[in-house]
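Take a look at the structure set out below.
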Number of protein chains: 2
Amino acid sequence: MILETPDKATLEDALRLAIESREFVQVIGPCEVVYVGRAASLTESGEYVVMLKPDGSLQVHGARGVKPINWQPKTDDLRVTRDEDDRVMLLAERRSPSELVQITFFEPRLMIALELRDEKVFQLHGSEAQMHEALKRNLSSLEIGLTLLEHELPVGVGDIDIYARDAQGCVVVIEIKRSKASQEAVHQLERYVSAVRLQLPPLFSAGVRGILAAPDISKPARKQLERLGLEFKVFTALPEEPKTVPQTGLFELA
Amino acid sequence: MILETPDKATLEDALRLAIESREFVQVIGPCEVVYVGRAASLTESGEYVVMLKPDGSLQVHGARGVKPINWQPKTDDLRVTRDEDDRVMLLAERRSPSELVQITFFEPRLMIALELRDEKVFQLHGSEAQMHEALKRNLSSLEIGLTLLEHELPVGVGDIDIYARDAQGCVVVIEIKRSKASQEAVHQLERYVSAVRLQLPPLFSAGVRGILAAPDISKPARKQLERLGLEFKVFTALPEEPKTVPQTGLFELA
DNA sequence: CGTTTAATCTCGACT
DNA sequence: AGTCGAGGTTAAACG
């Protein structure tokens, strides 16, 4: 359904109906958006594209950028009402965290409502999970003599990507990054190495090695890494087999 | 401009024209999306909403979620062509990083092209930067007797949010988080405290305190914090209940 | 539920 | 251009 410059009553009814029947809805035109929740925001009245998906997620797009200016990932309550000046409002509420997005429509240029078939298969190559698999199967590509001890080992402060032993018998903590490693990645590795050292007898603590495996590393990160006595090794993911991510709906439409 | 079920030639011409004149464009209907760049992805043919903004950013939305299925934050080159089966294709290319999104349209249900006035003022309240300002101006709300020494003090491994002195004359390192603090925040604070201790004479090192200021803290983080002899103090950016108790909130929603 | 972490993160700021 | 760090991050995985 396409409505050009709908009047208030038409917009209101159409919105209610479309929300009720869980359609994909868009309203394009001047509006004002207020958000209160984890933070608070207020847009001056301007032209935006309001997009409401069948799963209840809401986003308001401006003229620039991939990010919406306002959004609501999940809505527990969607309401269409009128404000004190009789303008049509869309309220998207969420509990936990308590959040409210309130959109006031002025003179919408366009409203669209249609059924959007849920997407099919989506295949992504080159994820970190795939790199884990690749590295697990061929640890010696990082360094001769490495043997896998654990994968995703919980260590109190998070999970260690790869926990291994080197040819000399030393414990090795490996952190994998799918793209260029930054200082944050170094901090993360450092955190895991410290945790392991604390859990081992003092005699073995000094022997614990930390390796950052990534296709590249930033210059400051490398400096920091060396200061901490940790190591960097080039590791690039060559995806062998696409990982299938089924993006099925949260609920079925009857 | 609104085109319902446009044929190939109409879609192609309209797309070219709209891109040329930097309009906001949407094409809704079955299509296939291929992405190659930092990773690689492939969508099976399905119904999507393709959104092209005047700034050249591109996003492809499915039926669920705030995040697009595919996107391109910046495009250096936008092209409309035909594939080997004569289907209309939209190519969005980007250099640095080298990325390509390729959309093949099958039988579009709808195409929209319109001018979208750039957004007006957008005000966000409750950012971490604002929390810094608020805390700086009222350090004693955290603890009586605290006096500011430095803000954003660099210490090699990053900047200390707030560097202060307590009533007893001890140095205090304060780390601020705008939302619930995790173990990573604790580790960050730990790094700063250690750095400060190393820079001070041994006599003063033991007296250095570390405070994590956030609205909340996760249970494991709290445990870790206490183990390290650090402290947590509640600090919220936004007033909890502004109307019932008109207590002076740190941030006002104008 | 809460917690943690990857992400084609995006986006802005700073060097 | 490169790097860093916040974000109403989102979203998924795991306990």
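Order of the sequence lines fixes the chain letters, A, B, ..., with proteins taken first and strands second; residue numbering starts at 1 for each chain.
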| request: Taking atom NZ of A:K223 as the centre, report whether more than 12 heavy atoms of other residues, nucleotides or ligands fall under 6.0 Å from it. | output: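 Atom NZ in A:K223 is not crowded, with 12 or fewer foreign heavy atoms closer than 6.0 Å.
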| task | Check whether more than 12 heavy atoms from other residues, nucleotides or ligands sit under 6.0 Å from atom CD of B:E128, and answer yes or no. | result |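 Yes, CD of B:E128 has more than 12 neighbouring heavy atoms, counting only those of other groups under 6.0 Å.
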| message | Any base atoms under 4.0 Å from A:G158, or only sugar-phosphate, or nothing? Heavy atoms, all strands. | response |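 Sugar-phosphate, backbone atoms only, no base.
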| Counting any heavy atom closer than 4.0 Å, what does B:E99 reach on the DNA or RNA strands: base, sugar-phosphate only, or nothing? |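 Base, at least one base heavy atom under 4.0 Å.
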| Between B:E175 and B:S179, which is nearer to the 5' end of DNA chain D once each is assigned its nearest nucleotide? |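 First, find each residue's nearest nucleotide; the 5'-ward one identifies B:E175.
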| query | Relative to the 5' end of DNA chain D, which residue comes earlier, A:R94 or A:S182, by the nucleotide with the nearest heavy atom? | reply |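 Its nucleotide being nearer the 5' end, the pick is A:S182.
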| message | For a side-chain hydrogen bond (donor to acceptor under 3.5 Å, both in side chains) check, start with the C-alpha distance between A:Y35 and A:E99, then their side-chain angles and the critical distance, and finish with the verdict. | response | CA-CA 7 Å; A:Y35 159 77; A:E99 295 186 296; 2.6 Å; yes
Under 3.5 Å, is there a donor-acceptor pair between the [X] and [Y] side chains?
X: A:S41; Y: A:N70; answer: yes
X: B:H187; Y: A:Q188; answer: no
X: B:Q224; Y: B:E190; answer: no

| According to the ring pair (Phe, Tyr, Trp, His ring centres under 6.0 Å) rule, which pairs have a member within residues 51-80 of chain A, sequence neighbours left out? |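 Every pair satisfying ring pair (Phe, Tyr, Trp, His ring centres under 6.0 Å) with a residue in residues 51-80 of chain A: A:H61-B:H61.
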Over how many whole Å does the gap from [X] atom [atom1] to [N] atom [atom2] extend?
X: A:D159; N: D:dG15; atom1: CG; atom2: C1'; value: 10 Å
X: A:E93; N: D:dG8; atom1: CD; atom2: C1'; value: 16 Å
X: B:D76; N: C:dT8; atom1: CG; atom2: P; value: 20 Å
X: B:Y35; N: C:dA7; atom1: OH; atom2: C1'; value: 11 Å
X: B:E184; N: D:dG5; atom1: CD; atom2: P; value: 10 Å
X: A:E152; N: D:dA13; atom1: CD; atom2: P; value: 12 Å
X: A:K180; N: C:dC9; atom1: NZ; atom2: P; value: 13 Å
X: A:K177; N: C:dA6; atom1: NZ; atom2: P; value: 4 Å

| task | Sticking with atom P, work out how far C:dC11 lies from D:dA11, rounded to a whole angstrom. | result |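 Roughly 15 Å separates the two P atoms.
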| field | Members of residues 186-195 of chain A that approach DNA chain D, where some heavy atom sits under 4.0 Å away | value |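 Nucleic-acid contacts, sorted: none.
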| field | Any residue of residues 216-228 of chain A with a heavy atom less than 4.0 Å from an atom of DNA chain D | value |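 Correct list: A:S218, A:K219, A:P220, A:A221.
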